[in-house]
There are 4 protein chains.
Amino acid sequence: MAEQKQGRTLGRPKSKGKTLPTRDVILQAATRLFFENGFQKVSVDDIASEAGMTKATVYYYFDTKAELFKETIVSLMGRIRERIIQILSIDKPLYERLFDVTIAHLQATTSFDLDGFMRESRSSLSDEQIQAMKIAEEKMYSSIEDAFIAAGKAKEIPSINAKFAAHSYIALVKVGNYKQSDGTRFFATAEETATNILNVFWKGFFGK
Amino acid sequence: MAEQKQGRTLGRPKSKGKTLPTRDVILQAATRLFFENGFQKVSVDDIASEAGMTKATVYYYFDTKAELFKETIVSLMGRIRERIIQILSIDKPLYERLFDVTIAHLQATTSFDLDGFMRESRSSLSDEQIQAMKIAEEKMYSSIEDAFIAAGKAKEIPSINAKFAAHSYIALVKVGNYKQSDGTRFFATAEETATNILNVFWKGFFGK
Amino acid sequence: MAEQKQGRTLGRPKSKGKTLPTRDVILQAATRLFFENGFQKVSVDDIASEAGMTKATVYYYFDTKAELFKETIVSLMGRIRERIIQILSIDKPLYERLFDVTIAHLQATTSFDLDGFMRESRSSLSDEQIQAMKIAEEKMYSSIEDAFIAAGKAKEIPSINAKFAAHSYIALVKVGNYKQSDGTRFFATAEETATNILNVFWKGFFGK
Amino acid sequence: MAEQKQGRTLGRPKSKGKTLPTRDVILQAATRLFFENGFQKVSVDDIASEAGMTKATVYYYFDTKAELFKETIVSLMGRIRERIIQILSIDKPLYERLFDVTIAHLQATTSFDLDGFMRESRSSLSDEQIQAMKIAEEKMYSSIEDAFIAAGKAKEIPSINAKFAAHSYIALVKVGNYKQSDGTRFFATAEETATNILNVFWKGFFGK
DNA sequence: CATGAATGAGAGTTCATTCAT
DNA sequence: GATGAATGAACTCTCATTCAT
């Protein structure tokens with residue numbers, strides 16, 4: 001209940017050593033819990049506890065649980081999108097850039113998968129909230145699509161259905177993250193996994 | 001998804017041939033609701049209403065909501081597995097058999113994806129229940145793996161990592177079922193979708 | 001569910017080696033469970049299980065749970081009363097007969113105490129049922145009163161308030177059965193306990 | 001039983017002096033209902049109604065029904081103990097002090113008897129809760145034991161088994177509270193009852 | 001800003017009882 | 001005699017949300 005120490009905001013606001021705004025503390029806690037347990041199972045009390053404050057404080061910052069969930073998703077999708085864009089904007093062959101993205105996401109703990117979240121939260125969210133989440137998801141996908149389109153224009157790869165390719169790519173990455181019932185993955189290391197996934201993807205889309 | 005094949009009353013009819021046993025009526029209703037709304041959001045009352053009986057009757061047949069959920073999943077996975085096996089056992093080239101499976105599942109309403117369900121139900125299920133669901137899932141996947149292994153042995157295809165291939169195949173089929181925010185899919189018809197998916201999969205795994 | 005073997009009733013019906021009538025099997029099971037857990041906590045299903053049959057069978061023999069409970073109590077009180085009468089009818093000094101009764105009940109597992117049962121079951125029983133239980137209890141007490149009255153008439157003891165004495169006697173015997181929080185009783189053996197209890201009772205009522 | 005002594009606002013009033021804290025209101029209502037109907041029969045809804053609030057408010061103050069029950073018992077035992085101590089600490093002969101205690105408890109509505117409550121609630125309480133109740137009960141008894149021990153040391157009475165005596169004393173007081181099936185008690189007035197009870201107890205333990 | 005208190009509306013689960021077979 | 005199936009009513013407990021402070 002005293003996990004954050006209130007410090008005076010002296011100089012650079014973006015710096016590291018100081019306290020996060022309460023709103024962000026809540027978002028962080030919510031992200032952690034929602035992604036572990038889903039929307040319905042996590043109570044606002046759980047989030048408040050995890051964030052080191054009371055339920056009423058959470059409601060001071062977010063109107064409803066659904067709104068908080070939407071913000072969580074949109075914010076997470078935004079962060080993933082930014083990371084992808086950052087990696088893809090480096091000046092390297094597409095294959096290598098995709099490899100880097102793959103590695104990055106094999107190591108991330110949170111999956112891309114919105115579908116499960118959508119299903120279980122749908123009936124508790126407003127249409128606006130659902131729409132906002134879907135748009136955030138599509139923008140995330142489009143960060144990959146754009147790379148395919150650009151590479152196609154630059155004749156680096158043949159012209160393909162970029163949307164379909166982007167979704168297929170993400171789907172294959174998720175396969176790489178799949179844990180079998182004995183807890184192991186299909187390949188031993190992230191590098192090996194990425195190599196296999198990208199091999200399939202590349203041949204599948206760009207092979208003749 | 002043709003949940004029950006009524007009418008084939010060859011042997012002694014179990015009950016008086018009139019209706020489905022209550023237990024199956026419950027399972028049907030539960031399957032429908034769970035797959036639309038997830039585990040947490042669906043109440044046992046909802047299931048009872050959908051099945052046209054009272055909550056207490058549901059509890060007469062299933063000890064807990066979690067147990068009913070597990071049975072639902074296991075039974076569904078079993079039905080999917082059986083259908084896959086049935087299609088794959090026809091005497092045709094592997095490509096054509098896979099094409100048929102793909103078409104069949106593009107037309108099915110229920111997705112294969114257990115992950116979302118797992119996350120949101122995990123903390124409400126016993127270890128045994130989780131294990132039973134995972135095993136049912138793996139047996140479903142193995143119905144495809146086995147076809148790859150058999151075709152590999154018969155030199156119809158090169159030898160591959162069958163588990164990884166099966167999961168990749170299912171992942172790509174799910175991409176085919178993805179609905180964009182405007183409600184449309186990536187391709188106009190099931191045949192076109194199946195052709196594109198299989199094209200990617202086949203080149204990805206068996207292309208040189 | 002097959003704990004009792006249906007035997008043909010050949011000769012003496014009261015003999016030992018044969019099966020109890022179903023009604024008595026139920027009463028036995030009910031007695032055991034009610035006295036361990038009270039009226040409310042024991043379900044008719046529990047009793048049926050303990051008796052090796054189904055709930056519906058219990059209802060075949062007893063109209064309601066309350067009726068079964070009443071029968072249980074009345075029957076138990078009757079058995080206790082009979083045992084007391086039997087011991088008290090032996091031709092010995094009153095002190096010695098009381099000593100024997102005391103010993104007998106220190107070794108019995110079931111307490112005499114109806115009060116607790118009354119409180120928790122009262123609102124679930126009909127007036128007739130409550131009355132029947134109270135009368136059974138009073139008849140049990142009167143088996144002791146009668147001995148005091150007879151001994152008074154025979155000048156073996158002074159004349160006393162027999163009802164008050166009988167209740168006081170039973171109350172003291174219950175003290176002898178009291179288990180402290182470490183599980184021990186006040187005295188080491190039943191004989192020692194009985195001696196102390198009777199000493200207090202005898203001096204208290206017949207001392208000058 | 002004079003559950004609360006309102007008005008004696010000598011120090012700083014805890015709240016705004018207006019009403020009892022909600023927690024105490026709940027405890028009062030619970031005490032009343034539990035002692036009339038037992039643990040199982042009283043629902044949390046009943047308690048909430050009696051206390052003039054909603055069920056959820058009760059759960060805001062007490063984690064479970066079992067916890068509330070335990071608190072009820074512990075608190076009641078504490079109040080009884082305090083009253084006994086208060087009466088026994090007056091400078092009078094032991095007989096007279098015991099007489100006052102007897103009169104006080106013959107007029108109280110609630111019995112001392114924990115046994116019945118224990119049996120019917122046992123399986124719903126945690127070990128800690130059961131232990132807490134037993135300890136509260138023993139401390140209540142010890143308030144009487146201590147008086148016997150002190151009087152023994154002061155040579156006012158012979159040295160006796162104080163624990164056994166305390167339990168016997170309480171058992172006899174309960175006899176004084178016993179209502180026969182026609183609703184009457186053994187003696188007409190509280191004074192007459194107390195005289196008879198104490199006469200038996202005193203001769204029983206201190207008579208030669 | 002932040003919180004303690006309060007609640008309405010459910011959720012999962014149990015159970016005494018009935019009834020057709 | 002005995003039982004499997006079904007149910008209405010109740011029960012314990014949870015939770016998103018509000019509000020006064």
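Below, each value reflects all heavy atoms present in this structure, side chains not excepted, and no hydrogens, waters or symmetry copies. Here is the naming used below: chain letters follow the sequence lines, and residue numbers restart at 1 for every chain.
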- note: C:D46, atom CG; E:dT17, atom C1'; distance rounded to Å ~ 16 Å
- Query: To the nearest angstrom, how far is D:I26 atom CD1 from E:dT7 atom P?
  - Reply: 10 Å
Report, one line per pair, each donor and acceptor closer than 3.5 Å where one atom sits in a side chain of residues 33-40 of chain D; sequence neighbours left out.
from  : atom 1 : to     : atom 2 : distance (Å)
D:N37 : ND2    : D:L33  : O      : 3.2
D:Q40 : NE2    : D:E120 : O      : 2.6
D:Q40 : NE2    : D:S124 : OG     : 3.3

- Message: Just to verify, what does A:T64 make a side chain to side chain donor-acceptor pair (under 3.5 Å) with, not counting sequence neighbours?
- Response: none
- Message: Going by the rule side chain to side chain donor-acceptor pair (under 3.5 Å), which residues pair with D:K134 if we only count those two or more places apart in sequence or in a different chain?
- Response: none
- Set of residues satisfying salt bridge (charged side-chain N to carboxylate O under 4.0 Å, His left out) with respect to C:K41, sequence neighbours excluded: none
- Message: With nearest nucleotide decided by heavy atoms, which residue, A:S43 or D:S43, maps closer to the 5′ end of DNA chain F?
- Response: D:S43
- Note on the structure: Nearest-nucleotide check on DNA chain E, B:K41 vs C:F39; residue mapping nearer the 5' end is B:K41
- Any residue meeting side chain to side chain donor-acceptor pair (under 3.5 Å) with B:S43, in chain and number order, not counting sequence neighbours: B:D46
- Roughly how many Å is it from CG in B:D45 to P in F:dA10, rounded to a whole number? 15 Å
- Query: Just how far, in rounded Å, is P of E:dA20 from OH of C:Y59?
  - Reply: 18 Å
- Residues in side chain to side chain contact (heavy atoms under 4.5 Å, CB included) contact with B:S49, at least two apart in sequence or another chain: none
Could you list the protein-to-nucleotides 5-9 of chain F atom pairs, N/O on both sides, closer than 3.5 Å?
from  : atom 1 : to    : atom 2 : distance (Å)
F:dA5 : OP2    : B:Y60 : OH     : 2.9
F:dA6 : OP1    : B:T22 : OG1    : 3.0
F:dA6 : OP2    : B:Y61 : OH     : 2.4
F:dT7 : OP2    : B:T54 : N      : 3.4
F:dT7 : OP2    : B:T57 : OG1    : 2.2

- For D:D24, which residues count as a side chain to side chain donor-acceptor pair (under 3.5 Å) partner, sequence neighbours excluded? none
- Task: Nearest 0.5 Å please: distance from the CZ atom of A:F117 over to the OG1 atom of A:T72.
- Result: 10.0 Å
- Note on the structure: Parsed dot-bracket for DNA chain E after applying the Watson-Crick and G-U rules with both distances under 3.5 Å and | for other-strand partners is .||||||||||||||||||||
- Task: Using side chain to side chain contact (heavy atoms under 4.5 Å, CB included) as the criterion, list what pairs up with D:S75, not counting sequence neighbours.
- Result: D:R79
- Can you list every salt bridge (charged side-chain N to carboxylate O under 4.0 Å, His left out) pair that touches residues 57-72 of chain A, not counting sequence neighbours? A:R23-A:E71, A:E67-A:K70
- Item | Donor-acceptor under 3.5 Å (A:Q28 side chain, A:V25 main chain) | no
- Value in whole Å for how far the C1' atom of E:dC1 lies from CZ of A:F62: 15 Å
- Query: Which whole-number value in Å describes the distance from C:I47 CD1 to F:dA2 C1'?
  - Reply: 17 Å
- Sorted by number, residues from residues 63-72 of chain C placing a heavy atom under 4.0 Å from DNA chain E are C:T64, C:K65
